[in-house]
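For reference, the structure is listed below as structure tokens.
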Amino acid sequence: MHIPDGFLSTATIATTFAVSAGGVACAVGVANKKLEDKRIPLLGVTAAFIFAAQMLNFPVAGGTSGHLLGSTLAAILLGPWMAVLIMACVLMVQCLLFQDGGLLALGANVLNMGVIASFVGYYLYQGISSLMGRDRRGMMVGAFVGAWSGVFLAASACAAELWVSGTSPFSVVFPAMAGWHALIGIGEGLITVTVLSLVLAARRDLLQPQKV
Amino acid sequence: MRLKVKWWHVALLLSVLVALLSPLASGSPDGLEKVAEDKGFIKQAKNPPFELIADYVFPGVENEAAATILAGIVGTLLIFGLTYGVARLLRAKRSRDQERSPVRESRPPLSSG
């Protein structure tokens with residue numbers, strides 16, 4: 001879902017950069033205040049895993065592929081602000097070093113895949129898992145729904161940006177983006193649940209409940 | 001000196017192993033690319049102003065699978081180093097701020113005259 005340069009209008013580029021910069025600044029502030037020493041390796045490893053997993057496009061129907069975003073996974077492990085920080089670092093390296101996602105579109109990509117996907121995924125995970133009693137099943141259902149919704153809303157935001165940029169009419173781009181990413185979101189949900197089960201089996205203590 | 005293996009060394013190794021699988025990735029367009037192709041705005045995409053490891057293929061390596069794996073390993077380790085380093089720097093800054101703050105608080109208030 002990395003937007004290349006050429007798809008967004010100047011106004012969209014400026015607006016999304018401003019919002020993303022604000023989000024990243026808040027994330028840096030939260031890290032500066034609250035990030036514990038013992039969680040720093042987890043932060044680095046989560047970012048590294050997300051980068052590696054994003055390279056593994058999985059096929060969905062009709063000659064299309066999708067890949068993990070990882071925002072919900074990062075938010076479950078480290079909280080939504082640290083997920084924003086991780087996603088911003090990953091997207092920046094992908095843009096600067098690997099030419100994946102445009103330089104001018106970086107703000108929109110951080111907004112969609114970093115800020116929106118992390119917060120949507122995190123709050124749905126928290127809401128659903130606490131409604132279901134914070135047991136293993138509740139966590140897994142919450143992680144799946146959070147991850148799916150994070151992808152779906154990131155794709156919807158992307159469609160909205162393409163629409164307001166005049167690249168494609170809303171009635172064309174929105175159903176297409178939403179449809180494909182409803183499928184890709186299933187992959188996101190399955191990978192998120194799998195990795196979360198592995199973390200629970202190996203190091204349950206890494207998943208201590210924590211405040212945002 | 002004995003090197004103590006910590007859980008995150010294993011987790012980082014697993015991430016690098018995931019990067020080794022990258023040549024198996026589907027080459028089909030992703031969701032956004034597919035929509036851009038179907039709806040006819042893919043031609044608006046501009047080429048990047050510079051290319052380093054474009055398309056996750058390490059330049060100068062003839063075998064494409066090897067070039068992709070190399071790009072994956074470089075990226076994975078670089079991302080780990082970057083995020084770990086940023087987090088450490090922020091943590092160090094907090095320690096400095098905390099050392100400084102008691103001095104600041106004990107300073108007498110400025111006279112308003």
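Every chain is numbered from 1 and lettered A, B, ... according to where its sequence line falls, protein lines coming before strand lines.
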Heavy-atom proximity to chain B below 4.5 Å, by part of [X]:
X	result
A:Leu42	both
A:Ile3	both
A:Leu43	both
A:Val199	neither
A:Cys89	both
A:Ile184	side chain
A:Phe58	backbone

Heavy-atom cut-off 4.5 Å, strictly under: side chain, backbone, both or neither for B:Leu12 against chain A? both
Measure from the ring center of A:Trp148 to the ring center of A:Phe152 and say whether it is less than 6.0 Å. yes
Would you confirm whether the ring centroid of A:Phe49 sits within less than 6.0 angstrom of the ring centroid of B:Phe80? no
Selection from B:Phe41, B:Tyr84, B:Phe50, B:Trp8 maximising heavy-atom pairs under 4.5 Å formed with chain A: B:Phe41
Determine whether more than 12 heavy atoms belonging to other residues, nucleotides or ligands lie under 6.0 Å from atom CD of B:Glu37. yes
